[in-house]
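Step one of this worksheet: look at the structure below.
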2 protein chains.
Amino acid sequence: MPVTIKDVARMSGVSISTVSRVINDSKPVSSNIRDRVFKVIEETGYVPNPVARSLVMKKSQLIGVITPGSSQYTMSEFLNGVEEIARMYEYDTILCNTYCESSKEIAYVDLLKSKQVAGIIFITQNINEELDKKLKKSSIPTVYYTLGTPMIPGIDYVDVDRVEAFVKLIEKVTDKDDRDIIYLRPEKKEDDYKESSKEEILKKALKKKNIKLSKCKIIYGADTVEKTYKLVESAMKKNKNIKSIISSIDEATLGSLYYLQDNGKVVPDDVKVAQVYETQITKIIRPGITSISLPLYDMGAVCARMIVKDIENREKSKEKKINEMILPYTLVERKSTLNN
Amino acid sequence: MPVTIKDVARMSGVSISTVSRVINDSKPVSSNIRDRVFKVIEETGYVPNPVARSLVMKKSQLIGVITPGSSQYTMSEFLNGVEEIARMYEYDTILCNTYCESSKEIAYVDLLKSKQVAGIIFITQNINEELDKKLKKSSIPTVYYTLGTPMIPGIDYVDVDRVEAFVKLIEKVTDKDDRDIIYLRPEKKEDDYKESSKEEILKKALKKKNIKLSKCKIIYGADTVEKTYKLVESAMKKNKNIKSIISSIDEATLGSLYYLQDNGKVVPDDVKVAQVYETQITKIIRPGITSISLPLYDMGAVCARMIVKDIENREKSKEKKINEMILPYTLVERKSTLNN
DNA sequence: TTGAAAGCGCTAACAA
DNA sequence: TTGTTAGCGCTTTCAA
């Protein structure tokens, strides 16, 4: 049987309201009584029951995290950041994997509402505006981290300047010479806004660099090492001027590398290779692959801090201001694009 | 303002207990009343408040998951299994990362107790018997998944037969001939029971295969690709009979591969290479690396199912029986050990 | 500065 | 089969 506030009150000879005041520091309590209460708390190891607290406060110390999936390294590092900071502010996180299904997103929002979560961190490929309205109406603080389509106005979010990062990446794989680029990505799937948005960003970045779209061919179907191998093969046989490869996933990078190796092409001398976002593989394979390193942990941490602040502001019924945090990325140049 | 049981009761002209009976199907209710209540529930979108429920039931629909860290692929797949099955039984999971610190394990157990979690899934490198006693005393159902030291008696756990798997792995890298083996592992750190236990298992497996310990040298310090490269280099210069390499992490595997490649050794013809447990890298690099594939998702799923059953049994105050689930692994042979 | 009491939304024992 | 009621552990008004 755990110790309750009643026990503490009885044992220290005061009323439960006084004990409540002591543990919450919510109203002045004479110091000798406070000491007495603290002593009893210490002795008994009393811990307030968060469930009872949530019931009366109509708010839990729970932050719901809706995520497309926590398996990928890029996601789990982010989640570590969320969890650690949330816990620092005494919030627990509850994870909801949507596997990119928007029906699951809706279901989870309802679930989280019923759990009376204090706030929601919403990681998604594209923001469901309908759902966002619903969230706003039920006045649950929400912070977004979007992997895909651009932000809609009036929301809190965390991101990096992906276009700028892509521009820098392109700079690394291109030279002043008139080389052609191929961009390797998996087959188009429905709902895969993540890849589509990388493509959008690529196009914007090309524009900024004044590179004609015709110089950069987007190749679909680079899902596996083997498929990529063949795709690169046929592309390079058709166009001898391809001297830059940008790939969107590990498999495509390896497939390219192996094709080049088998055909006597040296990276980076003959062909430069980059992968959009850094993974564990880009760091340790040979040659090292140039890529954009996202501050994943920090992004998660910032999300958590933002949501906690939102929650506190709402409690003090301060007026809400929109928070947009653009964090710094790092472009890591490795051997795969280095001029000698 | 969310709809409460009171609202539903009033609107359907019955008492709240009747509504409670309807939603929990706990006592017979005449069918016309039940229909009326359901209709109101439907119309209002009423969802029972789980917080209030937890308070009176003294039990939440929460399963605490204590894990050394959720970043690695091997862990997150497991956690996906846990989460999905738990959710199926209407439990939420709350994740606690210990980063292998045993002080954090203790703190989290206390935290989870105060949250009145219904059960705990405890993933750890070695079981803290003290803590387990505490858990047993507070009668919170607990299921273990241990990455390290052997099981202690009287606990519920999920695992695969790691020794048997290792035996099979060794069979793949050795031949009838008298070749020497090196086993590459990271530097010894305190608390790293995971690596130590792999070593223990290796030794047991060698014994079973009647391979003298002197034929298999354990090399420490294979933390990075570069360090491994040098370690393999010096080991192979000293001993020309090394024809098998087993590595415990991706970095060590790649480092070995690169050394062999640079020195004209062909894998698997000259040297066979295997990595203990499969990762994404062992699957996609060239050559494919033979390794043990753990049924990660299933292990997580089984853990979740076990804990739910434990919880239900405890509620029905059935006597507890110990559950030990040994799941089947797969030894995946890839090119790195294949005889032609 | 302190205590009594109401009530958060729900379940379950008891009564009818 | 249904309703009344107590109470889960806590916060917070209201009085003293």
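So you know, we letter chains A, B, ... as the sequences are listed, proteins then strands, and number each from 1. Computed from a predicted structure; not experimentally measured.
- Residues A:Glu105 and A:Thr124 bring a donor and an acceptor atom of their side chains to less than 3.5 Å of each other.
- DNA chain D is contacted by both B:Ser31 and A:Met57; B:Ser31 maps to the nucleotide lying nearer its 5′ end (nearest heavy atom per residue).
- Computed from coordinates, the B:Asp25 CG to D:dT1 P distance equals 12 Å when rounded to whole Å.
- Taking side-chain N and O atoms only, B:Asn24 has a distance below 4.0 Å to OP1 or OP2 of C:dT11.
- Rounded to an integer number of Å, the gap from A:Lys115 NZ to C:dC10 P is 13 Å.
- Set against D:dC10, C:dA12, D:dG7, the side chain of B:Val56 has D:dG7 as its closest nucleotide.
- Using a 4.0 Å heavy-atom criterion, one finds that B:Val51 contacts no nucleic acid atom at all.
- Note: CZ (A:Arg36) to P (C:dT2) measures 9 Å, nearest angstrom.
- Taking side-chain N and O atoms only, B:Ser15 has a distance below 4.0 Å to OP1 or OP2 of D:dG3.
- If you take CD of A:Gln116 and P of C:dC8, they are 13 Å apart, rounded to a whole angstrom.
- Put simply, A:Ser20 has a side-chain N or O that comes within less than 4.0 Å of OP1 or OP2 on D:dT11.
- Between B:Arg21 and D:dT1 there is no side-chain N or O to OP1 or OP2 distance below 4.0 Å.
- What separates CD of B:Gln61 from C1' of C:dC10 is a distance of 14 Å, to the nearest Å.
- Using a cut-off of 4.0 Å between Lys/Arg side-chain N and Asp/Glu carboxylate O, A:Arg87 and A:Glu83 are scored as salt-bridged.
- Nearer to the 5' terminus of DNA chain C, by closest-nucleotide assignment, is the contact made by B:Ala52 (compared with the other of B:Ala52 and B:Lys27).
- Screening residues 8-27 of chain A for salt bridge (charged side-chain N to carboxylate O under 4.0 Å, His left out) gives A:Asp7-A:Arg10 as the qualifying pairs, with residues at least two apart or on separate chains.
- When heavy atoms are screened at a 4.0 angstrom cut-off, B:Thr4 is found touching the sugar-phosphate backbone but no base atom.
- Listed nucleotides: D:dT11, C:dG9, C:dA5. Nearest to the side chain of A:Ile23: D:dT11.
- Look at A:Asp132 and A:Lys136 and you find a salt bridge, because one of the NZ, NE, NH1 or NH2 atoms lies within 4.0 Å of a carboxylate O, short of that distance.
- Across all strands shown, B:Ile16 has heavy atoms under 4.0 Å from base atoms, whether or not it also approaches the sugar-phosphate.
- In this structure, CD1 of A:Ile5 is placed 14 Å from P of C:dA4, rounded to the nearest angstrom.
- Atom CZ in A:Arg53 sits about 8 Å away from atom C1' in D:dC10, given to the nearest Å.
- Here B:Ser30 reaches the OP1 or OP2 of D:dT2: one of its side-chain N or O atoms lies under 4.0 Å away.
- The side chain of B:Lys6 contributes an N or O atom lying less than 4.0 Å from OP1 or OP2 of C:dC8.
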Expected list for residues 294-308 of chain B: side-chain donor-acceptor pairs under 3.5 angstrom, two or more places apart:
| unit_1 | atom_1 | unit_2 | atom_2 | d |
| --- | --- | --- | --- | --- |
| B:Tyr297 | OH | B:Glu84 | OE2 | 3.3 |

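- Between A:Lys58 and C:dG9 there is a side-chain N or O to OP1 or OP2 distance below 4.0 Å.
- Within the nucleic acid shown, A:Pro48 comes within 4.0 Å of sugar-phosphate atoms alone, with no base atom in reach, counting heavy atoms only.
- One can place CG of B:Leu55 at 8 Å from C1' of D:dC10, the figure rounded to the nearest angstrom.
- For C:dT2, the OP1/OP2 oxygens have no side-chain nitrogen or oxygen of A:Thr18 closer than 4.0 Å.
- With B:Ser26 as reference, B:Asn24 is the one residue of B:Asn24, B:Val22, B:Ile23 to meet the side-chain contact (heavy atoms from CB on, under 4.5 Å) rule.
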